[in-house]
Peer 1: 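Please find one structure pasted underneath; my questions will follow.
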There are 2 protein chains.
Amino acid sequence: MDDLLRRVQGRDTRALARSLSLAEAGDSALLDALDARYAALPQPSRIGLTGPPGAGKSTLANALVRELRAGGHRVALVAVDPTSPFSGGALLGDRLRLFEHAMDDEVFVRSMASRGQFGGLAASTEDACDLLALAGFDPILVETVGVGQSEVDIARLADTTVVVLTPASGDSVQALKAGILEAADVLVINKADMEGAQRLKEDLKEALELRAPGKGWTPPIVESVATAGRGVSETLESIRSHRQFLVDNKWMDEVRRTRLEQRLFELAQQGLARSLKSGAAAAVLARARQSVQAGTKSPRQAVKGLIMELGL
Amino acid sequence: MDDLLRRVQGRDTRALARSLSLAEAGDSALLDALDARYAALPQPSRIGLTGPPGAGKSTLANALVRELRAGGHRVALVAVDPTSPFSGGALLGDRLRLFEHAMDDEVFVRSMASRGQFGGLAASTEDACDLLALAGFDPILVETVGVGQSEVDIARLADTTVVVLTPASGDSVQALKAGILEAADVLVINKADMEGAQRLKEDLKEALELRAPGKGWTPPIVESVATAGRGVSETLESIRSHRQFLVDNKWMDEVRRTRLEQRLFELAQQGLARSLKSGAAAAVLARARQSVQAGTKSPRQAVKGLIMELGL
């Protein structure tokens, strides 16, 4: 495994692909070898993209990759599948993109879909980002279809989160759930040549004025037509401004600390879930079930007892 | 609270609505009072409906409610919002349905959307079902848009899970992720008057033949056009057959035990997450973070130490 990671560090694309598969499968030898390198990992810029299905995120992500590549960056794109059990759409799009960049060693595209037994898609995405960092990619784009809160959370693994909206989907700003505008560092109105774009922009401006005062950063609103390449440079410019803002105001450390806290919390939840399934806590959980089945406790009462018994 | 629950038991609709809101908000006085009644709760039949967006689940659920109502049942419908942060569609549909049944005390429709700080939408749905059981509703329909695995899991809170598909969405059987067909006790091809319905049916039949041998139940495939009322009685008939199968073969106890295990597991996860945030485990987690920040451990190594320190 050490040899495999040395090859990743040496920018061997096949070794990278293999290490990503092993990490996704939870291979402990690979993860141990990666852990041993943790403190020395480069810290590339991370850009998150999220938005509703059909907003044109993939097209925009693709255009951003092309533009970054033209600017001399080695760029990686991690597309996180919404894990919808009903559709294979995201994967098809990914295959098309893989094809476009297949002959270019400076671009790496990867889709992630498998959610482990105990959840943990965000944790897997972190591992993927670490491997891509080891392979020298910078920046790393993380694209997720925002079909649920967890997908938006994944976009927040980034230093800068771009929320892509479109007038075409008919989503009004009122329909956006709390948290979306708070998550956005850059707002993109894609398909801005469609009817309703100006209305959406006015609504977003108003909503931004109402949101809680943050750290002195107001998300710029970029209009784009990603299919025609319009607004792509402007989106990139806004991402760079936000990064500069973080650096200038010493916020980058806080962004990374918050991210580390989230990562540790998710890993801890996974570890505890594992213990409940087959570790030291499993026997306690079985006793809790018996007390419910005996009619002496409700499920909630039984679990309160379990938490106490574990001393937590 | 005891008085409120007595009124719920007395079939007071306003008291029921209020108790559901309190349960959803995690009000501990209400939940304690409900817990005290746990062992004595009626066990109504539970029917789950899930499927991709646009399959016509809501229309079918509505038609099932109407037919059950006509058959003399007091029926409740819990519509679980997919918690998409980008769309308000589910809520609108719910309001329309509330309107249809507004003057009928024997029908109760409720949407659930809020996911607590530690997840737990399935646990909230269980509480809602308990309150509806207390109020004497039987059966209880639980409808969820299957946009993620968790939503499908919620549908599995039922005794009988109906998976609604449609040829219109262009989803092929191959695109269905593992677990969907396994979750289905009844399959409905809605919008069966559209092109592709027969192909979908053939594909489903083939896929069912390939699935792991179960307990001797093969999900029937019902064709429906819910907007025209076609296939609604047949769907209900299939649900009843499945229920009879469970009773005849003494599977009902196992269905309920599995559900109890899932409920306890989720409650335990929530309790442990709470402990990590602000309970006894929070200090241990803070130390884990410090060891990562000091460069001595990776996040995964730090969490392994945490699990050991907690004796789990």
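Labels below follow one simple rule: chain letters A, B, ... track the order of the sequence lines, proteins then strands, and each chain is numbered from 1.
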Peer 1: Report the option among A:Pro299, A:Ala39, A:Gly311 that has the most heavy-atom pairs separated by less than 4.5 Å from atoms of chain B.
Peer 2: A:Pro299
Peer 1: Quick check on A:Ser275 against chain B: is it the side chain, the backbone, both or neither that has a heavy atom closer than 4.5 Å?
Peer 2: side chain
Peer 1: Out of A:Arg263, A:Lys304, A:Arg37, A:Lys297, return the one with the most heavy atom pairs under 4.5 angstrom to chain B.
Peer 2: A:Arg263
Peer 1: To the nearest 0.5 Å, how far apart are CG in B:Asp32 and CG in B:Leu5?
Peer 2: 11.0 Å
Peer 1: Flag the pair B:Val303 / A:Gln270 as yes when at least one side-chain heavy-atom distance between them is below 4.5 Å, and no otherwise.
Peer 2: no
Peer 1: Which value, rounded to the nearest 0.5 Å, describes the distance between B:Leu312 atom CG and A:Arg274 atom CZ?
Peer 2: 12.5 Å
Peer 1: Rounded to the nearest 0.5 Å, what separates atom CG in B:Leu310 from atom CE in B:Met308?
Peer 2: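 So the CG of B:Leu310 and the CE of B:Met308 are separated by 11.0 Å.
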Peer 1: Can you tell which part of A:Leu306 gets under 4.5 Å to a heavy atom of chain B, answering side chain, backbone, both or neither?
Peer 2: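 Just the side chain, heavy atoms under 4.5 Å.
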Peer 1: Go through it in stages, so that I can follow the logic: the residues are B:Glu126 and B:Arg46, the test is salt bridge (Lys or Arg N to Asp or Glu O under 4.0 Å), and I'd like the CA-CA distance, side-chain angles, deciding distance and then a yes or no.
Peer 2: CA-CA 11 Å; B:Glu126 290 273 13; B:Arg46 291 199 201 171; 3.1 Å; yes
Peer 1: Could you check if a side-chain atom of A:Thr125 sits within less than 4.5 angstrom of a side-chain atom of A:Thr144, using non-hydrogen atoms only?
Peer 2: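 They are not in contact (no side-chain heavy atoms under 4.5 Å apart), so the answer is no.
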Peer 1: Please look at B:Asp127 and chain A and tell me whether the side chain, the backbone, both or neither of the residue comes under 4.5 angstrom of a heavy atom of that chain.
Peer 2: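 Interface part for B:Asp127: side chain.
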Peer 1: Based on non-hydrogen pairs under 4.5 Å, which of A:Leu264, A:Leu285, A:Asp130, A:Leu34 is most in contact with chain B?
Peer 2: A:Leu264
Peer 1: Among A:Ala281, A:Ala280, A:Ala282, A:Ala268, single out the residue with the greatest number of heavy-atom pairs under 4.5 Å to chain B.
Peer 2: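 It is A:Ala268.
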Peer 1: Short question: side chain of A:Thr296, backbone of A:Ser291 - any donor-acceptor pair under 3.5 Å?
Peer 2: yes
Peer 1: Given a strict heavy-atom distance threshold of 4.5 Å, which part of B:Leu260 is in contact with chain A: side chain, backbone, both, or neither?
Peer 2: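 Only the side chain of B:Leu260 comes within 4.5 Å of chain A.
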Peer 1: Side chain, backbone, both or neither: which part of A:Leu267 has a heavy atom under 4.5 Å from chain B?
Peer 2: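 Both backbone and side chain.
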